[in-house]
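What follows is a single structure, written as structure tokens, with notes after it.
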Amino acid sequence: MNFTSLGGTDAKLIDLKVHADSRGSFARVWCTKLFDDAGVPFTPIQGNTSLTKTRGAVRGMHFQRAPHADAKVVRCSHGRIHDVIVDLREGSKTLGEIFHVELGEDEGKMLFIPAGFAHGFQALTEDAIVEYLMGEAYYPELYDGARYDDPLLSIEWPEPVTEMSDKDRIWPDLEARMPWLQRSDA
Ligand SMILES: Cc1cn([C@H]2C[C@H](O)[C@@H](COP(=O)(O)OP(=O)(O)O[C@H]3O[C@H](C)C(=O)[C@H](O)[C@H]3O)O2)c(=O)[nH]c1=O
């Protein structure tokens, strides 16, 4: 595995070591030692998978609030997605910064998302499958989010948004909930 920081943050783009042969390929998608050696503090305790059938659909932006803010590793095992993370951490030197990464079934890449980031993605193909390793259990009462078109974030999605959950459609504006997130150019 090769770990590369995203924009100088503790978020990491991870290139898998893919062993290809005539049958296809094999890759390790989790390894305590490799993460420890890379200085990435993460221990998965839950695995998730989602299927997004419609191209253009958006899941997110989601995050779990303290004291169970959730770090996660995500990868796209079928199809292709446009992944977006936002640093919501008060006091972070990259507070409010938004990072975009494309992940696809044939690239052998994963994204480590530290606790305190919001995460979402847009499906760029039909039947996009995203696999998650979660660093925290699911706490519905701490489950939070922001709209894909939150005015404070102004996330630029690559394609017209075709579908989202009812929950994702009605997240309240972040500005009122996270005053520390005021953008310098606001
Ligand atoms: C996250 C989660 C959800 N659920 C249940 C709750 C709902 O009944 C159902 C679907 O959940 P939701 O609509 O929140 O699924 P997504 O919109 O794909 O949420 C994910 O999308 C964004 C992109 C993420 O980064 C998060 O990991 C995760 O929030 O699964 C569980 O039972 N356990 C869980 O850990």
Side-chain angles (χ1 to χ4, degrees), residues 6 9-14 29-30 35 40-89 92 94 96-105 107 109-150 152-172 174 177-178 181:
L6 270 192
T9 71
D10 44 345
K12 306 282 183 186
L13 190 60
I14 304 168
V29 294
W30 165 251
F35 269 65
V40 179
F42 181 69
T43 304
I45 61 166
Q46 179 179 308
N48 300 333
T49 185
S50 71
L51 163 66
T52 303
K53 294 186 289 185
T54 308
R55 178 170 179 166
V58 168
R59 292 181 184 256
M61 309 296 287
H62 297 159
F63 56 95
Q64 209 160 258
R65 294 192 305 274
H68 296 289
D70 53 347
K72 61 192 80 165
V73 170
V74 300
R75 66 188 173 91
C76 179
S77 62
H78 182 76
R80 192 166 186 80
I81 64 168
H82 181 92
D83 208 78
V84 178
I85 62 173
V86 187
D87 188 349
L88 302 177
R89 300 170 299 184
S92 169
T94 54
E97 289 200 25
I98 300 171
F99 301 94
H100 297 252
V101 174
E102 280 205 11
L103 298 171
E105 65 187 35
E107 283 181 345
K109 290 183 188 299
M110 307 194 299
L111 181 61
F112 168 70
I113 306 165
F117 278 74
H119 173 243
F121 66 84
Q122 181 173 37
L124 299 179
T125 60
E126 292 181 347
D127 296 335
I129 296 175
V130 174
E131 316 285 357
Y132 301 81
L133 295 174
M134 305 298 292
E136 268 289 353
Y138 175 56
Y139 291 84
E141 70 278 14
L142 297 177
Y143 192 71
D144 206 337
R147 288 191 322 277
Y148 79 102
D149 61 351
D150 186 284
L152 196 58
L153 302 182
S154 303
I155 296 172
E156 293 183 12
W157 299 96
E159 299 192 359
V161 176
T162 56
E163 187 179 11
M164 71 187 77
S165 66
D166 292 340
K167 163 172 57 59
D168 285 348
R169 209 176 288 278
I170 59 171
W171 294 113
L174 274 179
R177 298 185 285 153
M178 296 187 174
L181 202 52

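Both ligands and their constituent atoms are indexed starting at 1 by order of listing. Remember, predicted model here, so these are calculated numbers, not experimental data. Worth knowing before you read on, the calculation uses all heavy atoms, side chains too, and leaves out hydrogens, waters and symmetry mates.
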What do you reckon, is CD of Glu156 surrounded by more than 12 foreign heavy atoms closer than 6.0 Å? no

Would you say CD of Glu159 has more than 12 non-hydrogen atoms from neighbouring residues, nucleotides or ligands within 6.0 angstrom? yes

Among Tyr138, Tyr139, Phe117, the residue with a heavy atom nearest to atom 5 (C) of ligand 1 is Tyr138

Is the side chain of Thr162 donor-acceptor paired with the backbone N or O of Ala57 at a distance under 3.5 Å, no angle test? yes

Part of Asp70 within contact of ligand 1 (heavy atoms, under 4.0 Å): neither

Option of least heavy-atom distance to atom 22 (C) of ligand 1 (set: Glu136, His62, Gln64): His62

Near His119 (heavy-atom distance under 4.0 Å), the atoms of ligand 1 are 23 (C), 24 (C), 25 (O)

Does Arg169 have any salt bridge (charged side-chain N to carboxylate O under 4.0 Å, His left out) partners at least two apart in sequence or in another chain, and if so, which? none

Check: Ser165 N/O within less than 3.5 Å of ligand 1 N/O: no

Which is it for Arg59 and ligand 1 at heavy atoms under 4.0 Å: side chain, backbone, both or neither? both

Heavy-atom distance from atom 18 (O) of ligand 1 to the protein below 4.0 Å? yes

With atoms numbered from 1 as shown, which atoms in ligand 1 lie under 4.0 angstrom from a non-hydrogen atom of Gln46? 34 (C), 35 (O)

State which residue, out of Tyr143, Tyr132, Phe117, fulfils the ring pair (Phe, Tyr, Trp, His ring centres under 6.0 Å) condition with His62. Tyr143

Backbone of Trp171 reached by a side-chain donor or acceptor of Arg147 within 3.5 Å: yes

Please report whether atom 26 (C) of ligand 1 has a protein non-hydrogen atom at a separation of less than 4.0 Å. yes

Check each heavy atom of Lys167 against ligand 1 and say whether those closer than 4.0 Å belong to the side chain, the backbone, both or neither. side chain

Taking 4.0 angstrom as the limit and counting only heavy atoms of Tyr132, give me the atoms of ligand 1 inside it, by number and element. 20 (C), 21 (O), 22 (C), 23 (C), 24 (C), 25 (O), 27 (O)

From atom 8 (O) of ligand 1, is the closest protein heavy-atom distance below 4.0 Å? no

For the side chain of Arg65 and the backbone of Glu141, is there at least one donor-acceptor N/O pair under 3.5 Å apart? yes

Please name all residues satisfying salt bridge (charged side-chain N to carboxylate O under 4.0 Å, His left out) with Asp168, sequence neighbours left out, ordered by chain then number. none

Could you tell me, atom by atom, which parts of ligand 1 come under 4.0 Å of a heavy atom of Asn48? 35 (O)

Judged by atom type as modelled, is there a donor-acceptor pair below 3.5 Å linking the side chain of Gln122 to the main-chain atoms of Pro160? yes

Of the protein's non-hydrogen atoms, which lies at the shortest distance from atom 11 (O) of ligand 1, and what is that distance? Tyr143 OH, 4.6 Å

